[in-house]
Amino acid sequence: MQFRPGGFRPFWREAVALVQEIRADRSVLRVDEVARRHGVSTRRLQRLFLDHVGVGPKWVIRRYRLQEAIEQAAAGPLDWSRVTADLGYADQAHLVREFTAVTGVPPAAYARSLAPSRGA
């Protein structure tokens, strides 16, 4: 799908399609990647999201990256340094800060809290 200002789709549909793409493609890590894929400026993409999603594209990407980390934590023991790199975080401390801000506990503590439900 190519986002085209003034194209045949209303802008809100474009915004929804872009959010769905970000959700489905876990390799999307940066706003400029999404903008480049769709031939628009980063600023135009930011305005589209703020106007029709209510948050910026960076927020959406970060939430789906954190969702991926939470899903991986729930699946079992992890190599957190690998998860950090796979999800595009600059370092493990960055992942821990964002994870803790969203869930209220650090990733390792979250994973341990799920261990009894996994039969560990």
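Everything quoted here is computed from the prediction, not taken from an experiment.
- Under the 4.5 Å side-chain heavy-atom criterion for grouping Ile, Leu, Val, Met, Phe, Trp and Tyr, Tyr110 is connected to Leu66 within one hydrophobic cluster.
- In plain terms, the two heavy atoms of Ala111 and Ala73 that are nearest each other are CB-O, 4.0 Å.
- Note that CD1 of Ile22 and OG of Ser27 are 11.0 Å apart. Values are rounded to the nearest 0.5 Å.
- With respect to the salt-bridge test (charged N to carboxylate O, under 4.0 angstrom), the residues Glu68 and Arg63 do not qualify.
- Under the 4.5 Å side-chain criterion, counting only non-hydrogen atoms from C-beta, Pro57 is not in contact with Val34.
- Ser81 contributes atom OG, which lies 10.5 Å from atom CG of Leu95 (distance to the nearest 0.5 angstrom).
- Counting heavy atoms from C-beta on, the side chains of Pro106 and Phe99 never come closer than 4.5 Å.
- In this structure, the side chains of Leu78 and Pro107 stay at 4.5 Å or more apart for every pair of heavy atoms.
- Salt bridge annotation for Asp25-Arg37: present, with a cationic side-chain nitrogen under 4.0 angstrom from a carboxylate oxygen.
- Contact record, Gly88 with Arg65: O-NH1, 4.0 Å, taken as the closest heavy-atom pair.
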Point to revise | CA sep, side-chain torsions, deciding dist, call: Trp59, Val31, side chain to side chain contact (heavy atoms under 4.5 Å, CB included) | key: CA-CA 10 Å; Trp59 189 94; Val31 174; over 6 Å; no
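- In this structure the side chain of Tyr89 reaches within 4.5 angstrom of the side chain of Glu98, judged on heavy atoms.
- Ala85 is linked by a side-chain contact (heavy atoms from CB on, under 4.5 Å) to nothing, counting only residues two or more places apart in sequence or in another chain.
- At least one side-chain heavy atom of Leu45 sits less than 4.5 Å from a side-chain heavy atom of Leu18.
- For the residue pair Ala74 and Leu114, the shortest heavy atom distance occurs at CA-CD1, 3.4 Å.
- There is a path of hydrophobic side-chain contacts, each under 4.5 Å, that joins Val55 to Leu48.
- Here the closest non-hydrogen pair linking Leu50 and Gly56 is CD2-N, 3.6 Å.
- When only modelled atom types and interatomic distance are considered, Glu14 and His38 share no side-chain donor-acceptor pair under 3.5 Å.
- The side-chain tip of Arg44 points at the ring of Phe11 from less than 6.0 angstrom away and within 45° of straight on.
- Side-chain heavy atoms closer than 4.5 Å link hydrophobic residues (I, L, V, M, F, W, Y) into clusters, and following such links, possibly through other members, connects Ile70 to Trp80.
- Few gaps surround CZ on Arg47; more than 12 heavy atoms of other groups in view lie less than 6.0 Å from it.
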Practice item. Please step through side chain to side chain contact (heavy atoms under 4.5 Å, CB included) for the pair Glu71 and Arg26, ending with a clear verdict. Key: CA-CA 12 Å; Glu71 289 171 8; Arg26 297 293 171 98; 3.8 Å; yes
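- Of the candidates Val19, Leu29, Val28, Leu87, Val19 is the only one forming a side chain to side chain contact (heavy atoms under 4.5 Å, CB included) with Tyr64.
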